[in-house]
Protein chains: 2
Amino acid sequence: MLSIGEFSRATGITVKTLRFYHEKGLLVPDHIDADSSYRYYRKEKIDTAKVITTLRKLELPLREIESILLSYQADLDILSFLETHQKNLHQRLSDLQTASNSLEALIRIEKEQRNPMPTTDFTIQEKELPTQLIASITMRGKYSDCSKGFAKLGKYFWSQANGKPFMLYYDKEYKEDDAHFATCFPIKKGTSKDDIEVWELPAGKCLSLMHKGCYDTLRNSYEKIIPAVKERGNLVCPSREIYHKGPGMLFKGNPKNYLTEIQILFTETC
Amino acid sequence: MLSIGEFSRATGITVKTLRFYHEKGLLVPDHIDADSSYRYYRKEKIDTAKVITTLRKLELPLREIESILLSYQADLDILSFLETHQKNLHQRLSDLQTASNSLEALIRIEKEQRNPMPTTDFTIQEKELPTQLIASITMRGKYSDCSKGFAKLGKYFWSQANGKPFMLYYDKEYKEDDAHFATCFPIKKGTSKDDIEVWELPAGKCLSLMHKGCYDTLRNSYEKIIPAVKERGNLVCPSREIYHKGPGMLFKGNPKNYLTEIQILFTETC
DNA sequence: CTTGACCCTCCACTAACTGGAGACCGTACG
DNA sequence: CGTACGGTCTCCAGTTAGTGGAGGGTCAAG
């Protein structure tokens with residue numbers, strides 16, 4: 001018979017924990033001195049204790065371990081317990097994986113928010129846009145609904161991200177309530193799914209203007225760029241708005257620092 | 001200003017939890033009625049609340065979230081918190097993965113223990129053994145140390161298992177204390193590591209005898225098979241002992257049900 | 001004024017321990 | 001035989017992130 005300290009050394013389980021297991025009925029001492037209430041364990045109990053530590057390492061809850069121990073004594077099936085627990089572990093594992101992935105995306109995005117464009121020119125510039133593969137959700141209604149679209153795109157395609165999110169505006173003029181637009185995300189690869197379309201945005205020549213500040217003042221920038229485009233040729237729908245720096249995933253940030261690029265494609269009138 | 005119930009509906013956080021967050025200083029109401037001690041929240045607090053739920057979904061502890069909220073207000077760096085947490089998540093993830101893998105191995109082994117050989121013949125039989133790739137640990141000393149060897153092999157190669165564990169006996173006669181033997185595990189593939197050697201066990205012709213019961217009585221079976229081998233030719237070292245059914249990973253099981261196959265290779269004397 | 005919905009505080013409970021206080025027990029040494 | 005020291009006892013509190021409930025006060029409508 002071993003005292004609790006000796007048993008602790010033999011099993012690697014702390015004295016505190018042994019007392020706790022006793023209280024829970026999981027590992028009961030074989031004898032308790034009536035006078036001193038000292039706990040004494042038989043050597044054979046070491047095997048039971050080792051089984052408990054083995055199962056605890058597998059993250060089985062104590063209740064399950066108790067059931068397994070009892071079932072084993074009754075020569076019953078212990079596999080079902082293990083398999084149930086395996087399912088739980090898998091569930092927990094995939095939950096954690098999801099959390100970890102989301103966190104990674106969050107870190108990436110917040111990092112990008114922090115480093116603004118190195119040198120930004122707030123003048124109208126001509127640009128050749130290459131084709132790019134994008135995932136998009138086409139929407140009709142209020143512009144403010146776009147956040148839902150970006151949230152959904154981000155959920156499925158953050159890992160394939162290939163640039164900043166942007167919007168396509170199909171209306172030739174400004175519409176408040178019945179706008180026709182698409183939330184877009186440049187991606188490396190992917191396939192259409194539900195209302196998300198994956199397609200290739202055509203190349204073209206455009207004028208570009210970087211806008212700094214809150215979205216309410218975007219109209220001012222449009223009023224600058226549209227006449228400039230008309231001078232060069234015919235406006236091509238849809239126009240694009242690239243969100244270089246906007247509200248972060250977590251915090252809104254300061255709207256004064258938002259950076260939005262307006263791109264309007266055109267065909268030259270020869 | 002919203003009452004706690006309205007705020008709860010707006011944020012999806014239960015009333016109970018909101019009170020809890022208040023108590024923790026994480027999300028403090030903007031006003032508390034002096035008479036009724038009703039809590040009232042400004043609408044802007046909804047954003048803060050959403051940040052909290054977002055971060056909770058990423059399994060950040062409340063303390064971390066509080067730090068992030070405070071740091072953000074002070075316009076400090078929040079990335080370091082996120083990155084620290086990401087490390088923790090990865091750690092937890094790999095712990096869980098390990099547990100899940102071990103559990104899977106445990107389930108597989110216990111399952112095999114349960115289904116004994118379908119038809120077992122307890123007579124001496126001649127067999128052609130094919131070559132097989134094995135991982136082995138060579139040991140000198142007491143036979144009883146073999147359990148350590150099997151534990152180590154299992155740890156590294158359970159996922160590549162390709163059959164039952166077995167032992168190679170290099171001694172021509174029985175030695176108690178200075179035996180020369182190897183614990184072995186048939187595997188699909190792998191490389192040598194530390195004291196684990198991966199190599200190909202050569203093919204050969206052997207006599208085989210299945211032994212049922214506790215290991216103490218194995219000698220009886222050896223006394224049956226050795227003369228039979230000698231009749232056919234010369235004994236080839238090492239002999240093999242295959243543990244079809246032995247003590248499980250968790251429980252010792254009943255030694256009466258242990259099944260061990262003795263294989264002794266020989267070269268025919270023409 | 002009553003009813004029903006809403007809100008309050010305080011307490012207990014979860015899992016698996018850990019830490020500490022204060023008291024008792026056992027053995028060896030002087 | 002007294003005492004010093006280590007081992008052991010019980011009991012209580014605290015950890016996380018809430019949940020559940022009891023008992024009682026508050027608000028707005030009818």
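As a basis for the values below, the full set of heavy atoms in this structure was taken, side chains included, without hydrogen atoms, waters or symmetry mates. Protein chains get the first letters and strands the later ones, always in sequence-line order, with residue 1 at the start of each.
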Exercise for the section: Output the residues of residues 41-72 of chain B in contact with DNA chain C, where contact means a heavy atom of the residue under 4.0 Å from an atom of the strand; sort by number or write none. Expected result: none
Handout entry: Minimum-distance pair of heavy atoms, taken over all atoms of E6(A) and M1(A)
Key = OE1-O, 4.3 Å
Practice task
Compare every heavy atom of I52(A) with every heavy atom of Y21(A), then report the nearest pair and how far apart it is.
Solution key: CE1-CG2, 3.8 Å
Practice task
Could you identify which residues of residues 18-28 of chain A place a heavy atom less than 4.0 Å from some atom of DNA chain C, listed by residue number, or say none?
Solution key: F20(A), Y21(A)
Problem - T84(B) side chain to S80(B) backbone, donor-acceptor under 3.5 Å - result: yes
Practice task
Scan residues 138-150 of chain B for pairs that pass salt bridge (Lys or Arg N to Asp or Glu O under 4.0 Å), counting only residues two or more places apart or in two chains.
Solution key: D145(B)-K148(B)
Completion exercise
Within residues 87-99 of chain B, the residues having a heavy atom closer than 4.0 Å to DNA chain C are none
Problem - Non-neighbouring partners of F185(B) that pass ring pair (Phe, Tyr, Trp, His ring centres under 6.0 Å), sequence neighbours left out - result: none
Completion exercise
One should read off an interatomic distance between C184(A) SG and L153(A) CG, to the nearest 0.5 angstrom, of 7.5 Å
Practice task
Go through the structure and list residues passing side-chain hydrogen bond (donor to acceptor under 3.5 Å, both in side chains) with H22(B), not counting sequence neighbours.
Solution key: R39(B)
Handout entry: Check: F7(B) main-chain N/O paired with T11(B) side-chain donor or acceptor under 3.5 Å
Key = yes
Problem - Side-chain ion pair, E241(A) and K164(A), N-O less than 4.0 Å - result: no
Problem - Neighbours of DNA chain C within residues 7-17 of chain A, by heavy-atom distance under 4.0 Å - result: T14(A), K16(A), T17(A)
Practice task
Compute the angle between the rotation axes at the two ends of the helix from dC1(C)-dG30(D) to dG30(C)-dC1(D), each taken over five pairs, rounded to 10 degrees.
Solution key: 40°
Problem - Nucleic acid contacts - residues 31-38 of chain B versus DNA chain C, non-hydrogen atoms under 4.0 Å - result: S36(B), S37(B), Y38(B)
Practice task
Mark yes or no for whether S36(B), through its side chain, and D33(B), through its backbone, hold a donor-acceptor pair below 3.5 Å.
Solution key: no
Handout entry: Steps toward side-chain contact (heavy atoms from CB on, under 4.5 Å) verdict (I68(B), L82(B))
Key = CA-CA 9 Å; I68(B) 287 176; L82(B) 298 181; 3.8 Å; yes
Handout entry: Sequence neighbours excluded - salt bridge (Lys or Arg N to Asp or Glu O under 4.0 Å) pairs with any residue from residues 56-73 of chain A
Key = E59(A)-R92(B)
Exercise for the section: Map R39(A) and Y40(B) onto DNA chain D by nearest heavy atom, then report which one ends up closer to the 5' terminus. Expected result: R39(A)
Exercise for the section: Indicate yes or no for a side-chain donor-acceptor contact from S8(B) to the backbone of I13(B) under 3.5 Å, with no hydrogens or angles considered. Expected result: yes
Practice task
Please answer whether the main-chain N or O of I196(B) pairs with a side-chain N or O of D194(B) as donor and acceptor at a distance below 3.5 Å.
Solution key: no
Fill in the blank from the handout: 5'-most to 3'-most nt of DNA chain D touching chain A (<4.0 Å, heavy-atom partner on protein side) reads dG7(D) to dT10(D)
Fill in the blank from the handout: Contacts of Y215(B) meeting ring pair (Phe, Tyr, Trp, His ring centres under 6.0 Å) (sequence neighbours excluded), chain-then-number -> Y243(B), Y258(B)
Handout entry: Reported CD-to-CG distance for the pair E104(A) and L58(B), which is rounded to 0.5 angstrom
Key = 12.0 Å
